[in-house]
Asker: 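Sharing a structure here in structure tokens format.
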Amino acid sequence: MSENPTSSQVAEVAIIGAGPSGLTAATRLTKAGLKPVVFDLNAAPGGQVYRQVESPQADLRVTGIDYRLGQRVVEAFRRARVDYRPDSRVWWVQRVDAGFELGVLHEGRSAVWRARRLILCHGAMERPFPFPGWQLPGVMTAGAAQILLKQGGLLPEDAPILVGSGPLIYLLGWQYLQAGHPPTCILDLTPRLQWRLPLRQPGKAWHARGYLFKGLKMMLALKRAGVAIERDIEALEAIGDKVLEQIRYRQRGHWKQRPASLLLSHVGVMPETHLTRSLGLTHRWHAEQQSFLPVRDDTLSADENLWVVGDGAAIGGAVNAMREGTLSALEVIASYHGLTKKERHERDGLRRERARDLCARQLLDAMFLPSLNIDAMPEETIICRCEALTRGDLDQAISDGAEGPNQLKAFTRCGMGPCQGRQCSLNATLLLSRRLAQTPDQIGQWQIRPPVQTITLGELATSSMVENRVT
Ligand SMILES: Cc1cc2nc3c(=O)[nH]c(=O)nc-3n(C[C@H](O)[C@H](O)[C@H](O)COP(=O)(O)OP(=O)(O)OC[C@H]3O[C@@H](n4cnc5c(N)ncnc54)[C@H](O)[C@@H]3O)c2cc1C
């Protein structure tokens with residue numbers, strides 16, 4: 001593809017993602033006279049948190065007043081008249097001598113884009129949370145249910161049960177309550193000791209007070225509305241013949257059972273690393289966030305002319321994502337012609353605010369540290385949903401000699417299905433780490449190859465790089 005560059009389109013700066021980080025990065029670059037191109041697989045700007053924020057149907061009573069901030073960010077982005085390409089899926093990215101090449105799928109056609117500088121603003125995904133029966137119809141993630149709510153105002157017919165740990169569980173419960181459809185109950189997996197951390201770390205709690213009060217307000221509203229909040233949940237099973245019928249859970253050593261038709265599960269979010277891994281960036285295990293994070297320097301750069309910002313780099317929340325987006329834009333501006341005194345002042349202020357906010361984040365990470373014990377999962381628990389591989393299957397392959405993620409993949413096909421390992425990669429690494437008594441960093445993750453997003457053979461055939469080869 002590099003031999004015939006004529007068919008590729010060229011951008012000064014390419015930005016992948018139009019969530020808070022991508023929007024602020026693009027707006028700031030444009031203000032400085034640069035011409036970034038923003039690709040996003042969604043049809044409208046806003047990312048995960050401000051999904052459908054421009055829609056007249058966006059109801060702030062349901063989504064929360066934080067959406068106002070999202071509206072302002074999107075309005076500023078629209079005013080800046082950025083070259084914005086919605087419905088554009090970046091399915092591969094690679095480094096070339098002069099910068100980066102991207103494969104972008106839009107309306108069924110794939111094009112090659114070249115950019116000297118690249119800002120990855122691709123966001124997070126929910127941490128996969130396997131338990132027996134999580135593959136049954138009637139069980140889905142809280143994040144997916146929230147997408148349906150934000151995207152189409154869809155509410156579940158039956159009151160759901162929410163289970164897991166992390167702010168999103170309470171936020172979604174509260175959003176359903178605001179929409180007049182409260183959940184039946186919330187089963188909280190957060191260990192009791194972790195709830196007490198704000199009392200033990202008052203300094204961090206002060207920095208995190210905004211988040212803590214918001215969470216407390218939601219919990220009180222749910223309690224007042226009669227939503228049962230059950231704590232100290234230690235294990236969970238979804239039961240049903242063809243669809244979810246019952247859930248079983250262990251609370252303080254006792255098993256309980258209750259009928260259920262919709263179970264929404266969630267144990268936090270983690271950076272989506274397919275793009276950063278396919279670029280060959282170094283990743284390190286972050287014990288507090290229980291995930292692999294791309295390594296960045298103080299300027300948020302992960303490699304020459306490459307910045308990774310927002311929740312795709314480390315979970316920091318929407319406001320942090322906006323700061324990082326602007327900071328990355330200032331670094332790009334600096335790489336062209338240095339910064340003016342005013343710009344340096346802006347950068348230093350943002351850096352200070354970011355450092356303060358990251359202090360609050362440390363407390364939230366510790367409070368919602370997921371207690372995922374892969375050993376405690378029954379061996380029939382499915383780990384790789386695409387290939388229907390259980391923990392027992394993976395254990396067997398490890399006993400047969402699989403010494404690392406790539407070998408485990410070769411032995412079992414784990415991670416080779418349509419989700420490309422998004423649902424099993426982390427748990428495969430954690431299982432190997434336990435069994436082989438090595439750290440997640442020593443085990444690593446399997447290699448990522450394009451396509452990093454699904455693409456059909458027909459769409460691939462439209463690619464300009466294929467046309468170049470044929471002619
Ligand atoms: C399911 C889910 C729900 C969440 N809900 C909330 C919430 O309600 N409130 C809250 O405060 N926080 C929420 N978060 C956390 C929230 O996502 C972040 O704090 C914030 O949105 C991070 O902003 P960002 O710019 O880093 O990424 P995002 O907002 O996630 O934006 C990333 C964008 O990149 C696009 N993208 C990713 N990969 C590609 C690709 N290959 N090609 C093209 N485009 C791509 C995505 O479509 C997305 O629009 C949620 C996270 C998840 C995973």
Asker: Are the side chains of Leu389 and Ile383 in contact, using a 4.5 Å heavy-atom criterion?
Answerer: no
Asker: Just jot down the side chain to side chain donor-acceptor pair (under 3.5 Å) partners of Arg117, sequence neighbours excluded, or say none.
Answerer: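 For Arg117 the side chain to side chain donor-acceptor pair (under 3.5 Å) partners, ignoring immediate neighbours, are Ser335, Tyr336.
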Asker: Would you find more than 12 non-hydrogen atoms of other residues, nucleotides or ligands less than 6.0 Å from Asp348 atom CG?
Answerer: yes
Asker: Do Arg361 and Tyr211 form a cation-pi contact, if we require the NZ or CZ to be under 6.0 Å from the six-membered ring centre and within 45 degrees of the ring's axis?
Answerer: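 Flagged: Arg361 positioned over aromatic ring of Tyr211.
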Asker: Could you list the residues that satisfy ring pair (Phe, Tyr, Trp, His ring centres under 6.0 Å) with Trp206, not counting sequence neighbours?
Answerer: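 Partners of Trp206 under the ring pair (Phe, Tyr, Trp, His ring centres under 6.0 Å) test: none.
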Asker: Using modelled atom types only, decide if a donor and an acceptor are shared between the side chain of Lys217 and the backbone of Leu212 within a distance under 3.5 Å.
Answerer: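 It does not hold such a pair.
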Asker: Before giving the answer on side-chain contact (heavy atoms from CB on, under 4.5 Å), spell out for Leu177 and Met218 the whole-Å C-alpha distance, their side-chain angles and the decisive distance to 0.1 Å.
Answerer: CA-CA 10 Å; Leu177 176 65; Met218 287 176 183; over 6 Å; no
Asker: Would you name the heavy atoms of Trp446 and Gly415 that are closest together and state the gap between them?
Answerer: CZ2-CA, 3.6 Å
Asker: Would you check if Leu263 and Pro160 make a side-chain contact, meaning some heavy-atom pair closer than 4.5 Å?
Answerer: no
Asker: Without swapping roles, check the side chain of Asn406 against the backbone of Gln447 for a donor-acceptor pair under 3.5 Å.
Answerer: yes
Asker: Between the side chains of Glu379 and Arg391, is the shortest nitrogen-to-carboxylate-oxygen separation below 4.0 Å, so that they form an ion pair?
Answerer: no
Asker: Look only at the side chain of Trp134 and the backbone of Phe129, and say whether a donor-acceptor pair between them is shorter than 3.5 Å.
Answerer: no
Asker: Could you check Gln257 against Tyr249 for side-chain contact (heavy atoms from CB on, under 4.5 Å), going step by step and ending with a plain yes or no?
Answerer: CA-CA 6 Å; Gln257 194 153 334; Tyr249 55 96; over 6 Å; no
Asker: Please confirm whether the backbone N or O of Ala159 pairs with a side-chain atom of Thr184, one donor and one acceptor, at under 3.5 Å?
Answerer: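 Such a contact is found between Thr184 side chain and Ala159 backbone.
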Asker: Quiz question: by atom type and distance under 3.5 Å, do the side chains of Gln246 and Arg258 form a donor-acceptor pair?
Answerer: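 There is no such pair between these side chains.
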Asker: State whether the number of non-hydrogen atoms from other residues, nucleotides or ligands found under 6.0 Å of Leu199 atom CG is greater than 12.
Answerer: yes
Asker: Between Arg192 and Glu234, does any side-chain N to carboxylate O distance fall below 4.0 Å?
Answerer: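 Salt bridge absent between Arg192 and Glu234.
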Asker: Are side-chain N/O atoms of Thr276 and His283 paired as donor and acceptor at under 3.5 Å?
Answerer: yes
Asker: Establish, from distance only, whether the side-chain atoms of His274 and Gln420 form a donor-acceptor pair under 3.5 Å.
Answerer: no
Asker: Measure across Pro86 and Ala43 and return the closest heavy-atom pair with its distance rounded to 0.1 Å.
Answerer: CB-O, 3.6 Å
Asker: How close do Leu394 and Thr412 get, heavy atom to heavy atom, and via which atoms?
Answerer: CD2-OG1, 4.0 Å
Asker: To check you understand the geometry: which heavy-atom pair defines the closest contact between Gly70 and Val53, and what is its length?
Answerer: C-CG2, 4.0 Å
Asker: Answer yes or no: are there more than 12 heavy-atom neighbours, outside Arg231 itself, under 6.0 Å from its atom CZ?
Answerer: yes
Asker: What is the minimum heavy-atom distance between Gly46 and Leu23, and which atoms define it?
Answerer: N-CD1, 4.0 Å
Asker: Does the pair Arg435 and Asp395 meet the rule for a salt bridge (Lys or Arg N to Asp or Glu O under 4.0 Å), with working shown?
Answerer: CA-CA 8 Å; Arg435 297 290 176 265; Asp395 265 334; 2.5 Å; yes
Asker: Evaluate the side-chain proximity of Val13 to Ile119: yes if any heavy-atom separation is below 4.5 Å, no if none is.
Answerer: yes
Asker: Do we see a donor-acceptor contact under 3.5 Å between the side chains of Asp188 and Thr190?
Answerer: yes
Asker: Looking at side-chain heavy atoms only, is the closest gap between Pro137 and Leu244 below 4.5 Å?
Answerer: no
Asker: Would you say that Arg354 contacts Arg356 through its side chain, given a criterion of any heavy-atom pair below 4.5 Å between the two side chains?
Answerer: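 They are not in side-chain contact.
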Asker: Would you please say whether a donor-acceptor pair under 3.5 Å links the side chains of Gln251 and Asp232?
Answerer: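 There is no such pair (donor and acceptor under 3.5 Å, judged by atom type) between the side chains of Gln251 and Asp232.
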Asker: Output, in order, the C-alpha distance, side-chain angles, deciding distance and verdict of salt bridge (Lys or Arg N to Asp or Glu O under 4.0 Å) for Arg344 and Glu331.
Answerer: CA-CA 10 Å; Arg344 277 202 306 277; Glu331 296 300 337; over 6 Å; no
Asker: Before giving the answer on side chain to side chain donor-acceptor pair (under 3.5 Å), spell out for Gln362 and Glu288 the whole-Å C-alpha distance, their side-chain angles and the decisive distance to 0.1 Å.
Answerer: CA-CA 8 Å; Gln362 285 168 4; Glu288 288 74 29; over 6 Å; no
Asker: For the residue pair Ser21 / Arg323, report whether a side-chain donor-acceptor contact shorter than 3.5 Å exists.
Answerer: no
Asker: Between Thr299 and Asp297, is the side chain to side chain donor-acceptor pair (under 3.5 Å) condition met? List the steps.
Answerer: CA-CA 5 Å; Thr299 68; Asp297 65 17; 2.6 Å; yes
Asker: Set out, in order, the CA-CA distance, both residues' side-chain angles and the distance that settles side-chain contact (heavy atoms from CB on, under 4.5 Å) for Leu430 and Trp285, then state yes or no.
Answerer: CA-CA 11 Å; Leu430 291 179; Trp285 180 249; 3.8 Å; yes
Asker: Just so I know, are the side chains of Leu350 and Leu330 near enough to count as touching, which here means a heavy-atom distance under 4.5 Å?
Answerer: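 Contact flag for Leu350/Leu330 side chains = yes.
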Asker: Going through the checks in order, is the ring pair (Phe, Tyr, Trp, His ring centres under 6.0 Å) test met by Trp91 and Phe39?
Answerer: CA-CA 11 Å; Trp91 64 271; Phe39 303 103; over 10 Å; no
Asker: Can you tell whether the side chains of Arg296 and Glu324 come within less than 4.0 Å, N to carboxylate O?
Answerer: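 Salt bridge between Arg296 and Glu324, a charged N being under 4.0 Å from a carboxylate O: yes.
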Asker: Would you confirm whether Gln289, through its side chain, and His286, through its main-chain N or O, come within 3.5 Å as a donor-acceptor pair?
Answerer: no
Asker: Between Cys386 and Cys419, what is the shortest heavy-atom contact and its length?
Answerer: SG-N, 3.5 Å
Asker: Would you mind reporting whether Gln71 and Leu60 have side-chain heavy atoms less than 4.5 Å apart?
Answerer: yes
Asker: Take Arg89 and Thr454 through the side chain to side chain donor-acceptor pair (under 3.5 Å) test and state the conclusion after the steps.
Answerer: CA-CA 9 Å; Arg89 177 177 301 204; Thr454 43; 3.3 Å; yes
Asker: Given side chains that start at C-beta, do those of Tyr170 and Lys214 come closer than 4.5 Å, heavy atoms only?
Answerer: no
Asker: With no hydrogens and no angle check, do the side chains of Thr141 and Glu126 hold a donor and an acceptor under 3.5 Å apart?
Answerer: yes
Asker: For Arg127 and Ser165: C-alpha separation, side-chain torsions, deciding distance, then whether side-chain contact (heavy atoms from CB on, under 4.5 Å) applies.
Answerer: CA-CA 11 Å; Arg127 178 177 287 105; Ser165 175; over 6 Å; no
Asker: Tell me whether Arg252 at atom CZ has more than 12 heavy atoms from other residues, nucleotides or ligands lying less than 6.0 Å away.
Answerer: yes
